[in-house]
Amino acid sequence: MNNYQKTNDFNEIVYGRRSIKVYDPTVKISREEMSGIIAQASKAPSSINMQPWRFVIIDSEEGKEKVVPLSKFNKEKVSSSSAVIAVFADMKNFDYAEEIYSKAVELGYMPQEVKDYQLGAFKPVYERMTDEDMKDTIMLDAGLVSMQLMLVARAYGYDTNPIGGYEKDQIAEALDMDKERYLPVMLITIGKALDEGFQSYRLPVETTTTWK
């Protein structure tokens, strides 16, 4: 368990989150605690509950040595963080459909006939789906889990920074992932900030929202 104060205060979780540039390199996050963060983040919604997100947690110096050179202008964040979470989207996510729906039946979340009906309806749809349509679907789902992960991390007392500036064409192979199957979504650094970070201006609701 970490030494930082967990919080259930939603305002603190949302408004207290900052994009952090430098972390305390002495802070470590146990794999048990990281697994808890991932588990809670994975409660995020996804298309027909296929949960296409896949995570690679880089928490060793050897792992970071592979990622830092690919991090472009984000090297300091990556190297000082407790860990880097590489988020991927699985093009073959439907391979887990039977497991997901069978477990839902076993746990009493749905009756067998609903499982049979839904898988019978979804399977041909997914088989006909183009690569572009699949990519659009799973990237949206992976974005949802990524944001939820950052909020969960904040609730655990940790800070995060989402990174889009890295060598996306090289990251899968660097982490021994099949680059045809696993699409890079983002890197998320996590740890304890050395400072409070900075606030940034947000457009007012009146600018971003239209009422009909």
One should read off an interatomic distance between Asp159 CG and Ser82 OG, to the nearest 0.5 angstrom, of 9.5 Å

Whether the side chain of Lys77 engages the backbone of Thr160 through a donor-acceptor N/O pair (distance < 3.5 Å, no angle test) should be reported. no

Between Tyr117 and Gln112: side-chain donor-acceptor atoms closer than 3.5 Å: no

Closest non-hydrogen contact found for Ile48 with Tyr101 is O-OH, 3.0 Å

Indicate the atoms forming the closest heavy-atom contact of Gly120 with Pro124, along with that distance. O-CD, 3.1 Å

Glu76/Asn74 under side chain to side chain donor-acceptor pair (under 3.5 Å): CA gap, chis, key distance, verdict: CA-CA 6 Å; Glu76 188 174 12; Asn74 296 293; over 6 Å; no

Can you check whether Met134 reaches Asn93 side chain to side chain, under 4.5 Å on heavy atoms? yes

Output for pair (Asp59 CG, Met34 CE), nearest 0.5 Å, gives 6.5 Å

Separation of Leu149 CG from Ile38 CD1 (nearest 0.5 Å): 4.5 Å

Any pair counted as salt bridge (Lys or Arg N to Asp or Glu O under 4.0 Å), so long as it reaches residues 83-100, sequence neighbours left out: Arg54-Asp90, Asp90-Arg181, Asp95-Arg181, Glu98-Lys115

Do you know which two heavy atoms are closest between Val152 and Ala41, and how far apart they sit? CG2-N, 4.0 Å

Do any N or O atoms from the side chain of Thr207 and from the backbone of Leu203 form a donor-acceptor pair under 3.5 angstrom? no

If the threshold is 4.0 Å, N to carboxylate O, is there a salt bridge linking Lys103 and Glu106? yes

Which pair of heavy atoms, one from Thr137 and one from Ser47, lies closest together, and at what distance? CG2-OG, 3.3 Å

Which pair of non-hydrogen atoms, one from Asn161 and one from Tyr23, has the smallest distance, and what is that distance? N-OH, 3.2 Å

Nearest-0.5 Å distance, NZ of residue Lys21 to OG1 of residue Thr189: 9.0 Å

More than 12 foreign heavy atoms under 6.0 Å from CG of Asp169: is that the case here? yes

Where do Leu119 and Ala97 come nearest, in terms of heavy atoms and distance? CD2-CB, 3.9 Å

Hey, is NZ on Lys179 packed in by over 12 heavy atoms from elsewhere, all under 6.0 Å? no

Leu70 side, atom CG; Gln170 side, atom CD - distance, nearest 0.5 Å: 5.5 Å

Using the test ring pair (Phe, Tyr, Trp, His ring centres under 6.0 Å), find all partners of Tyr182 that sit at least two apart in sequence or belong to another chain. none

d(Leu187 CG, Ser146 OG) to nearest 0.5 Å is 10.0 Å

